Amino acid sequence: MENKREMTCIICPRGCTLTVELEDKKVLGVKGNACKRGTDYAVAECTAPTRTLTTTVMTESGEVVAVKSNKAVPKELLFDCMKEINACVAPATVKQGDVVISNLLGTGADIVVTSYVE
Amino acid sequence: MTKVSLVIVGGGPAGMSAAVAAYKAGVTDLLILEREAHLGGILRQCIHNGFGLHKFGEELTGPEYAARYAEQVKELGIPYKVGTMVTGITEDKVITAVNPTDGIMHIQAEAIILAMGCRERPKGALNIAGARPSGIYTAGTAQKYVNIKGYMPGKEVVILGSGDIGLIMARRMTLEGAKVKAVCELMPYSGGLARNIEQCLNDFGIPLMLSHTVVQIHGKDRVTGVTIAKVDERRNPIKETEQYIACDTLLLSCGLLPENELTKGAGITMDRITGGAVTDQSRQTSIPGVFACGNVLHVHDLVDYVSEEAEIAGCAAADYLANKQSERVDITVQPVGGVRYTVPQKITSAQDTTVYFRVADVFRDKRVVVKCGDRVISNKKKIKLAPGEMETVKLTAQVLAELAEGTITIGLEE
């Protein structure tokens with residue numbers, strides 16, 4: 001089955017409108033992208049969509065610190081990832097770059113502190 | 001009275017970037033004054049990614065982007081005072097500031113960079129009928145509660161306004177377990193970036209209701225719901241389209257206002273459209289030696305451009321202090337046909353200049369035409385232009401030197 005799908009690229013603020021030609025789940029071609037990353041995004045979005053997750057983690061001091069997944073995780077696992085992260089309590093002394101959870105839910109992504117503590 | 005060559009008011013992305021640029025250009029007697037307890041400004045609570053692609057070629061979160069500059073400030077040994085509120089600036093560059101350690105300070109500066117940023121349009125400016133229960137926040141306040149304090153402001157949320165902060169908070173609240181029922185936007189288009197509509201709303205099935213507004217807030221002690229309605233072309237609510245949405249929280253993301261009380265207090269000439277000062281290409285205001293950059297000058301979409309603009313102001317402040325003169329020109333930049341404003345508004349020196357501008361509406365297949373009288377300087381086709389996305393045109397030193405004086409217009413044509 002051949003069809004077309006329109007999507008907005010989220011890789012950069014430019015937000016290109018992409019037109020993807022599909023046969024079943026196979027991507028035949030991508031149009032409308034201003035750079036190569038648009039093609040990669042469209043292919044991933046049509047086969048296995050992923051997102052970088054940013055949230056906060058509670059620390060032992062009672063304050064939260066900002067964290068991110070150091071690589072994108074499967075989109076359908078976002079809420080499972082949130083559950084795992086919200087169950088975690090990090091040491092009070094974490095600093096930017098520290099790994100709070102490694103290999104989150106087997107995704108291969110680490111949860112890394114992004115807050116900057118002076 | 002303390003004397004400092006260059007005082008930078010604000011330690012956010014604009015202030016830090018301006019300070020670093022000025023220091024590297026030779027200004028070593030400088031001081032950053034920051035109201036909050038840390039350097040970094042609003043970026044500290046913008047924990048999402050998407051910053052720095054343009055400036056650093058990689059995708060950073062807000063705190064990571066801020067850290068890149070905070071570290072430079074510290075490595076270079078640039079002095080800064082946090083927890084310090086500037087309460088006044090005079091025309092002859094005397095700054096009054098206050099903090100708990102130094103008390104009230106008066107500082108005589110030779111040059112000043114204004115980098116105070118912007119604030120959100122508050123509830124009081126929106127004329128929404130109904131009660132004033134708890135549960136109404138600006139999106140940025142909610143962002144501070146969730147990301148810095150670790151509190152959730154509510155469970156069932158309606159968001160008025162589709163600015164980027166509202167979109168980002170729709171996703172953030174959803175991830176933390178809240179139900180975001182709708183994002184209402186008064187205009188027929190969103191003021192946010194297309195990528196944020198995709199990844200913050202569409203990813204989670206949150207409806208974006210264009211040409212809709214909140215006409216009434218319900219609830220006595222706490223918000224219990226809002227009445228929303230579709231609006232006509234003149235933005236008046238249509239009674240028959242009213243619908244009630246039960247919710248305990250209303251977030252407002254209805255625009256950002258440059259925070260210019262200090263600027264106005266100093267008697268600096270303002271631009272009615274941007275809400276910021278009128279500046280030349282170096283971001284110098286109507287008072288020689290006083291510069292402005294970042295969101296206090298005009299609201300930017302991307303922090304990368306804030307940093308860039310702040311570097312211009314920082315270098316210009318260094319040139320001013322070193323008494324460097326360049327070839328003078330006297331050119332006014334005027335927005336016409338579909339263009340709402342330009343920054344800078346004036347050009348006083350013949351150097352390569354990037355002019356930022358915003359359009360007044362959503363346009364398709366137009367030409368951005370830069371003219372001086374009948375002479376066309378540049379003419380570039382654009383497939384799509386929207387008020388939410390800042391545009392640029394470049395003017396070369398050669399063109400400006402040839403012109404020397406007059407008016408350059410920037411407008412949209414078929």
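Just so it is clear, the model here is predicted, and its values are computed rather than measured. In what follows, chains carry the letters A, B, and so on, assigned in the order in which the sequence lines appear, proteins first and then strands, with residues in each chain numbered from 1.
Checked by atom type and distance alone, the side chain of B:Glu185 pairs as donor or acceptor with a backbone atom of B:Met187 at under 3.5 Å.
B:Ser162 OG to B:Ile197 CD1: the interatomic distance, rounded to the nearest 0.5 Å, is 6.0 Å. Atom-to-atom distance recorded for A:Asn33:CG and A:Thr17:OG1 is 11.0 Å, nearest 0.5 angstrom. Taking CD1 of B:Ile168 as the reference point, atom CD of B:Gln45 lies at 12.0 Å (rounded to 0.5 Å).
Side chains of B:Asn202 and B:Glu198: a donor-acceptor N/O pair is present below 3.5 angstrom, by distance only. Between the side chains of B:Tyr65 and B:Ser307, a donor-acceptor pair is found at a separation under 3.5 Å.
For A:Leu53, the part sitting under 4.5 Å from any heavy atom of chain B is the side chain, from C-beta outward, and nothing else. Interface remark: B:Lys384 contributes no atoms to any contact with chain A (heavy atom separation under 4.5 Å). With a threshold of 4.5 angstrom between heavy atoms, B:Leu175 approaches chain A through its backbone and through its side chain. Proximity to chain A (any heavy atom under 4.5 Å) is shown, for B:Phe51, by neither the backbone nor the side chain. Only the backbone of B:Ile148 comes within less than 4.5 Å of a heavy atom of chain A; no side-chain atom from C-beta onward does. For B:Glu71, the parts lying near chain A are the backbone and the side chain together; criterion is any non-hydrogen pair under 4.5 Å.
Ion pairing of B:Arg358 with B:Asp301 is present here, as a side-chain N (NZ or NE/NH1/NH2) and a carboxylate O approach within less than 4.0 Å. Between B:Glu156 and B:Lys181, at least one side-chain nitrogen of the basic residue sits less than 4.0 Å from a carboxylate oxygen of the acidic one, meeting the salt-bridge criterion. Between A:Lys68 and B:Glu59, no side-chain nitrogen of the basic residue sits less than 4.0 Å from a carboxylate oxygen of the acidic one, so the salt-bridge criterion is not met. Electrostatic pairing of B:Asp102 and B:Lys81 counts as a salt bridge here, judged by a charged N lying under 4.0 Å from a carboxylate O. Between B:Arg172 and B:Glu176, at least one side-chain nitrogen of the basic residue sits less than 4.0 Å from a carboxylate oxygen of the acidic one, meeting the salt-bridge criterion.
With B:Phe204 as the aromatic partner, B:Arg171 does not meet the cation-pi criteria of under 6.0 angstrom to the ring centre and within 45 degrees of the ring axis.
Scanning for salt bridge (Lys or Arg N to Asp or Glu O under 4.0 Å) contacts around B:Glu389 gives an empty result, with sequence neighbours left out.
Nearest heavy-atom pair across B:Ala14 and B:Gly294 is CB-CA, 3.9 Å. Between A:Cys9 and A:Leu18, the shortest heavy-atom distance links the atoms CB-CD1, 3.8 Å. Nearest approach of B:Cys200 to B:Ile206, heavy atoms of both residues: O-CD1, 3.7 Å.
Heavy-atom pairs under 4.5 Å with chain A were tallied for B:Val146, B:Leu60, B:Asn49, B:Asn196; the largest tally goes to B:Asn49.
Chain B is approached within less than 4.5 Å, heavy atom to heavy atom, by A:Thr54, A:Thr55, A:Thr56, A:Val64 from residues 54-65 of chain A, ordered by number. Residues of residues 86-102 of chain A having a heavy atom under 4.5 Å from any heavy atom of chain B, listed by number: A:Asn86, A:Gln96. Contact annotation for residues 71-79 of chain A against chain B (heavy-atom separation below 4.5 Å, listed by residue number): A:Lys75, A:Leu78, A:Phe79.
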